[in-house]
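Atoms within a ligand are numbered from 1 in the order they appear, just like the ligands themselves.
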Amino acid sequence: MSILHPIIGITGSSGAGTSTAVLAFMRMFAALGLKGALVEGDAFHAYDREQLRRTLERARIRGENFSLFSPAANLLERLEGLLRDYGARGHGISRHYLHREDEAEAHGQSAGTFTAWERLPPDTDLLLYEGLHGGYVGDEVNIAAHMDLLIGVTPVINLEWIQKIRRDAGERGYDPQDVTRTILRRMPDYVNYIVPQFSRTDINFQRVPLVDTSNPFALREIPRSEEILVVIHFNEHSRVAPDFELLQREVPGAYSPHHRTLVVPGPQQERALELIFKPVIERLIARRNAARSA
Ligand SMILES: Nc1ncnc2c1ncn2[C@@H]1O[C@H](COP(=O)(O)OP(=O)(O)OP(=O)(O)O)[C@@H](O)[C@H]1O
Ligand SMILES: O=C(CO)[C@H](O)[C@H](O)COP(=O)(O)O
């Protein structure tokens, strides 16, 4: 945690929608005149796509379970070092993982490889982390401890799988059967390492479809936002104190079925995000400004 250089984390599984949530945060930063440094969790995978393929094959032969959800498959100490550096001095070193052919081509590289490590842009107001391990806590590493605000993006799992299969097949060149096998292989690590993070977040966003998704492996279309409700839950230790009255007044169709939970219709998700997070971001920046001028 850092008063001078605040850090916001968005954590969620593969295909959950963390990259999509980043876009909403970037729009909020722009509206508030703030410059954010984006750090992608995928940059801290320990293996590129080819190395991972070979590592998975070795694990299969040995009868071991292995996946990118595991802390062992990621450079989490290096990620923690970056968060520590940013919190102390407002800079740090990261890179990008090039998932798609078009983004890889733009770098003159192959898809499934990393760019070189490089410094984050200078003079940013805050850091936004997006990835698999924003709320991870282990014996050696504590990523969650560096977050001034931690958000979980966790659609109900059928929807998450539909999103992942569609995205991986549509944008990353995978066969849907292979994506299904990846989902199955990752399941123990999903339960052990991804799910516990949602108890450490300040707020979780859980999109719930209102249409039939009972066989996500046969469905290829993501339900439309009109066919979705968003369950926004403030964990007991949340650093964000929600004003449920204001939210219900300002967000059409919002209601509160539980004293820590707000439900909003899918099309109102961004409106709810703005009402909840803009004041939080403003407070982080006001606190930073006060510390700077003290
Ligand atoms: N709120 C949303 N409404 C509609 N579609 C969404 C939403 N969030 C995510 N999706 C869709 O789900 C797919 C996966 O989303 P996204 O790329 O944001 O996931 P991710 O969590 O960043 O995954 P990864 O970490 O594997 O890159 C995308 O096709 C995206 O368009
Ligand atoms: O877990 C993931 C994202 O968080 C991806 O599956 C991981 O980054 C590997 O990507 P690709 O399949 O494009 O090589």
Discussion item. Yes or no: does Arg186 have any heavy atom under 4.0 Å from an atom of ligand 2?
Written reply: yes
Discussion item. Between ligand 1 and Arg172, is the shortest N or O to N or O distance under 3.5 Å?
Written reply: yes
Worksheet item: Does a donor on one side chain sit under 3.5 Å from an acceptor on the other, for His96 and Glu40?
Response: yes
Worksheet item: Which of the atoms of ligand 2 are close to Tyr97, meaning less than 4.0 Å from one of its heavy atoms?
Response: 10 (O), 11 (P), 13 (O), 14 (O)
Worksheet item: Under a heavy-atom criterion of less than 4.0 Å, does Gly12 contact ligand 1?
Response: no
Worksheet item: Going by distance only, is there an N or O of Ser19 that falls short of 3.5 Å from an N or O of ligand 1?
Response: yes
Worksheet entry | Protein contact to atom 19 (O) of ligand 1 [nearest heavy atom, distance to 0.1 Å] | Gly17 N, 3.2 Å
Discussion item. With heavy-atom distances below 4.5 Å as the criterion, would you say the side chains of His258 and His233 are in contact?
Written reply: yes
Discussion item. I'd like the name of whichever of Arg166, Arg207, Arg167 reaches closest to atom 29 (O) of ligand 1 through any heavy atom.
Written reply: Arg167
Practice prompt. Would you check if there is a donor-acceptor pair between the side chains of Glu160 and Ser13 at a distance under 3.5 Å?
Written response: yes
Discussion item. Using the ring centroid of each side chain, check whether Tyr86 and Tyr129 are separated by less than 6.0 Å.
Written reply: no
Worksheet item: So which protein heavy atom does atom 8 (O) of ligand 2 come closest to, and at what separation?
Response: His45 NE2, 2.7 Å
Practice prompt. Report, in ascending order of atom number, the atoms of ligand 2 lying under 4.0 Å from any heavy atom of Leu68.
Written response: 7 (C), 9 (C)
Worksheet item: For atom 9 (C) of ligand 1, what is the nearest protein heavy atom, given as residue, atom name and distance?
Response: Thr20 OG1, 3.3 Å
Fill in: Contact check, Lys164 vs ligand 2, heavy-atom distance below 4.0 Å
yes
Discussion item. Any heavy atom of Ser225 closer to ligand 1 than 4.0 angstrom?
Written reply: no
Practice prompt. Quick one: look at Leu132 and ligand 2, take heavy-atom pairs under 4.0 Å, and tell me if it's side chain, backbone, both or neither.
Written response: side chain
Practice prompt. Identify the protein heavy atom lying closest to atom 12 (O) of ligand 2, giving its residue, its atom name and the separation to 0.1 Å.
Written response: Tyr174 OH, 2.6 Å
Discussion item. Between Asn235 and Thr201, does the side-chain hydrogen bond (donor to acceptor under 3.5 Å, both in side chains) criterion hold? Intermediate values first, please.
Written reply: CA-CA 7 Å; Asn235 274 326; Thr201 47; 3.1 Å; yes
